[in-house]
Amino acid sequence: MATAAPRRRTPAALKRYNEKRRFDVTSEPRGEAAARSQGDAFVVQQHDATRMHYDFRLELDGVLLSWAVPKGPSLSPDDKRLAVQTEDHPIAYRNFEGNIPHGEYGGGPVIVWDRGRWKPEGDARAALKKGHLTFSLDGEKLKGRYSLVRTRTGSGAGPKQGPKSQWLLFKRSDEYVRSGPAAEITQREPNSVISGRTVKQVGEALSGKRRTTAASVPTRTAKAKAPTKAAAKQAGKASKLPSLSSIEPQLATLVDRPPSTGRWVYEIKYDGYRMLARLDRGKVQLRSRNQLDWTRTFPGIAAALSKLDVASAILDGEVCYVTADGRSSFQDLQRVLPRGGGEIRADQQKQLVFYVFDVLHHDGVDVRDEPLVDRKLRLKILLGKKPPWPLVYSDHIEGDGDTVLTQACASGLEGLIAKRRDAAYHSGRSADWLKLKCHRRQEFVIVGYTASQARTGFRSLLLGVREAKALRYCGKVGTGFDQALLEDIGARLQKLVTDEPAVSDPPRMRGVIWVKPQLVCEVEYTEVTRDGALRHPSFQGLREDKPARQVKREKAVPVAAIEKEEDMHATASEAGKPRRTKVEASPDRPRKQSSARSGDVVEIGGVRISHADRVMDEASGVTKRELAEYHELVGPLLLPYARKRPIALVRCPQGDAQQCFFQKHKLPGLGDEVKKARIAGNEVIYVESQRGILELVQFNAIEIHGWGATMDAPDKPDWIVIDLDPDTALEFSDVVEAALEVRDNLDRIGLASFVKTTGGKGLHVVVPLEPHAGWDSVKGFAQAIASAMAEQQPDRYVANMSKAKRKGRIFIDYLRNGQGATAVLPYSPRARPGATIAMPVEWKDIRRIDPKEFTVRSAERWLKKRKRDPWAELLTTRQRLPDLD
DNA sequence: GAGTCCA
DNA sequence: TGGACTCAACGCTTG
DNA sequence: CAAGCG
Ligand SMILES: [Mn+2]
Ligand SMILES: [Mn+2]
């Protein structure tokens, strides 16, 4: 939208701002020195551009000084937030909220997240120049003292702005300081102070994508719109009504966050028994996933189904016990189910609801191939405007997954099922249906622990929460700790041991060690069980800042739950348990063959290898067994280099196509032949035998990387690795020429070198050394070589690891040569498609080989073919770094 | 892969 | 017993 | 400080 031409003079300071914007496209205000401000305004705008950030702006001398703060302000002095200074903005900008069009500079929604007045301590202009400004804010959210400290001054003076100057924004101590989650004010108070909207909502408003619910679909009558049998027949889909035992329901895959692409609808996740219903001319049958017949157990549901106005149908849904507050409770459902079948007591029948969410077959037509939303419309019509109680149509909503989930969780739901809007009904588990769980987190007092025989530190922490006067026990948490935490917390707890349980209701358990209730931790969980224990608890961290007495339950426990708990202890009621066991024990579906066989345990090289048929490399199909056999073959070749050398592993439990991770410490369960030791305070692992290597394979280690030194002299490197990492655009032959050049340079200073492939396009040039020099000199030497080459031929080499600068060049990575740094060992397999390996080769052959041809499977052939070990002299070469004067 | 909790 | 949950590195460089 | 890198 065009605005009237400015009359007022535009300050030079705003020139850059105006240059970047096209005011006929964006609704941002034009840069004009604005009136009606007292000269001390501040504003924080949340801006969902390419990257989410907060624009922190202080008014000074007629403009808004601006910083982009990626993480936004914090209320804790411990959180120093990077603030990149950006161009000055006109003062009118402080009220801007809306959408900057895509493609425009800084495109994306903006909200005014906070605003108010600010006041510098001392002379603001001098402080800015100095790079250290302290001030106080009086906004709606941010209050009190803050500082901006410059850490790097930008060279952005010229027309081509260089790197911008960088600052740190952080809270100074005063009464407004908060710590822990409370400090994350951007999370706790995400809404605009002007409109109350979130930045996402502003973004959605623009795109005109309105959230729609299925309820807004115009109601049609069955006669008018429901696809008729005749029409369906024409489509060739008419079919006989199948039996329930022939149908396996569609299942959802648990994921940790809503999908970001594709069209999805969201339904409530119910906590009950999944049930298929079959209606055939008034005759009803209800069946659960384990093929038990429940028709007689739920007569009310069966009766309601028989009243539906259809000749035949198969419906899918969930039978739930609905509590007074309207939630479905699996535990209550279990409780009321009669032992050994039979009908449910009448007074409990009325708590039961059958939520119906799908239709598979309708009046002689198999509708499973219809898109989900069509099936649901069909279902809605089928059930009628007022479905006979206790049938309920399970509605869905469309919209942004994050938003829907947040709202669902806030309203107390257990979670959501996301379903692909247009997908057909597919039996079994797939990614068309996703299970999204709400997670709750809360602080608890640690009131005790149990000891572990298997790991260091402790087995689990006993948690308590303040309720009225007393501390109430609320279960254990045993996961979420890393090694360090296990040791640290374990040591602290030992100092707090006491005989007296701090909780008023100590559980009767063996092996509990009580501690004084002083430590506070945060725990995430999915729900609180009926007797007050946490379900699926996981440790999130210690809360060092919080006194134990402040820890209270955020939401009151329903009184009923506590009463019931006492009931249970008194009567030891086990109602429902046998049934539950039975339900849970039956397999939910035929397992995939790969994991079904427990028989694929083999022994290779004297080491037990489980899941031997697991595919470790998708591309080639190489299995764990083949990997172990490979190591049996190359053990004698690899071991001289791997022996007593601190190593790091790349482990890929689900194969190399999935998530792999690094490991450099010993874990419980790793075999005895994997040794550990301490070097300079850090734990390292190493092996001395082929058995040790095979034990790594059993842990799904694919790659083995090693230090540049051995345990014999961990401070004195015994080789240098010059690692050549090409830009993806380059060919292997380019890397070969580089390697030869490195070799020649080394030759010239009298150092012999060897070369190996690395499984990809890269090469390693290895210079054996007598262990004589320290890490710093060795790394310094490697860097000198890298820098010299990069300097002489900047178009071919870089000595800087930034990928951006690598374009069309080779990164000469000298950083493999520091203490603790690792490089892949010769003969190590690589976790990449094809199961390639790192292979030593002769310099004279290097131009003729293709590194992709050396694989776990082809290794034997190549090894037979070669005349001699290309690295035969490496271990006997005695050479030292030259004196570099 | 293994340790942990809970139903 | 089985599902769910979690962990399994790290130091250096660069922006 | 935080992200990127290997
Ligand atoms: Mn911005
Ligand atoms: Mn490399």
Side-chain angles (χ1 to χ4, degrees), chain A residues 51 69-71 79-84 149 151-152 154 162-170 254 256 330-331 334 435 437 439 450 452-455 457-463 475-486 523-527 529-531 533-540 576-577 580-581 583-588 610-611 648-654 659-671 682-684 695 698-701 705 721 723 725 758 762 779 783 799-806 811 813-824:
Chain A
R51 201 168 156 217
V69 186
K71 297 192 126 185
D79 297 329
K80 312 248 190 303
R81 296 288 158 83
L82 179 71
V84 179
V149 176
T151 58
R152 184 206 211 69
K164 298 171 174 171
S165 63
Q166 305 204 11
W167 303 61
L168 296 176
L169 171 69
F170 56 94
L254 179 65
D256 61 354
F330 188 78
Q331 290 179 72
Q334 272 192 107
K435 200 189 300 178
K437 283 192 170 181
H439 290 273
T450 56
S452 171
Q453 293 155 21
R455 67 183 185 190
F458 53 87
R459 178 185 173 98
S460 62
L461 302 177
L462 278 71
L463 305 174
K476 293 182 280 202
V477 56
T479 191
F481 319 97
D482 59 24
Q483 296 280 90
L485 233 25
L486 235 25
V523 174
E524 191 171 271
Y525 55 96
T526 51
E527 63 173 333
T529 64
R530 243 165 19 98
D531 40 348
L534 306 183
R535 181 127 184 245
H536 301 142
S538 78
F539 181 86
Q540 301 294 313
K577 193 169 179 191
R580 170 62 191 266
T581 310
V583 168
E584 292 292 298
S586 74
D588 39 302
S610 63
H611 298 101
L649 313 171
V650 173
R651 293 177 51 200
C652 310
Q654 296 98 267
Q659 203 59 64
C660 298
F661 54 86
F662 240 72
Q663 176 170 335
K664 44 193 345 184
H665 302 310
K666 180 134 186 182
L667 277 179
L670 257 178
N682 295 116
E683 186 190 301
V684 298
E695 286 173 358
Q698 162 59 6
F699 259 59
N700 299 306
H705 298 238
V721 176
D723 173 17
D725 291 333
T758 60
K779 185 170 155 192
Q783 180 172 19
N800 177 320
M801 83 182 153
S802 117
K803 284 246 192 200
K805 291 189 179 166
R806 200 175 303 183
F811 169 40
D813 182 2
Y814 61 92
L815 294 161
R816 305 300 90 226
N817 300 290
Q819 178 166 39
T822 58
V824 72

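Values below: all heavy atoms of this structure, side chains included; hydrogens, waters and symmetry mates excluded. Below, chains carry the letters A, B, ... as their sequence lines are ordered, and counting in each starts from 1. Predicted model only: the values in this text are computed from it and were never measured.
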(message) What I want to check is whether an N or O donor and acceptor connect the side chain of S802(A) with the base of dG4(D) at under 3.5 Å.
(response) no
Report yes if a side-chain nitrogen or oxygen of [X] is closer than 4.0 Å to either non-bridging phosphate oxygen (OP1 or OP2) of [N]; otherwise report no.
| X | N | result |
| --- | --- | --- |
| K805(A) | dG15(C) | yes |
| K666(A) | dA8(C) | no |
| H536(A) | dG3(C) | no |
| T479(A) | dC7(C) | no |
| R459(A) | dC5(B) | yes |

Rounding to an integer number of Å, can you tell me how far [X] [atom1] sits from [N] [atom2]?
| X | N | atom1 | atom2 | value |
| --- | --- | --- | --- | --- |
| Q483(A) | dC10(C) | CD | P | 10 Å |
| F661(A) | dA2(B) | CZ | C1' | 11 Å |
| L815(A) | dG4(D) | CG | P | 17 Å |
| Y525(A) | dT6(C) | OH | C1' | 18 Å |

(message) Among dC1(D), dG1(B), dT4(B), which nucleotide has an atom closest to any side-chain atom of N700(A)?
(response) dG1(B)
(request) Let me know, please, whether F662(A) or K779(A) comes out on the 5' side of the other along DNA chain C by nearest nucleotide. (result) F662(A)
(request) With DNA chain C as reference, determine whether K437(A) or H665(A) sits nearer its 5' end, using the nearest nucleotide of each. (result) K437(A)
Counting the atoms with a prime plus P, OP1 and OP2 as sugar-phosphate, which does [X] contact under 4.0 Å by heavy atoms, base, sugar-phosphate, or nothing?
| X | answer |
| --- | --- |
| K80(A) | sugar-phosphate |
| G818(A) | nothing |
| Q819(A) | nothing |
| G820(A) | nothing |
| A454(A) | sugar-phosphate |
| S610(A) | sugar-phosphate |
| F539(A) | nothing |
| H705(A) | nothing |

(message) Could you check whether T450(A) and S460(A), counting side-chain N and O atoms only, form a donor-acceptor pair closer than 3.5 Å?
(response) yes
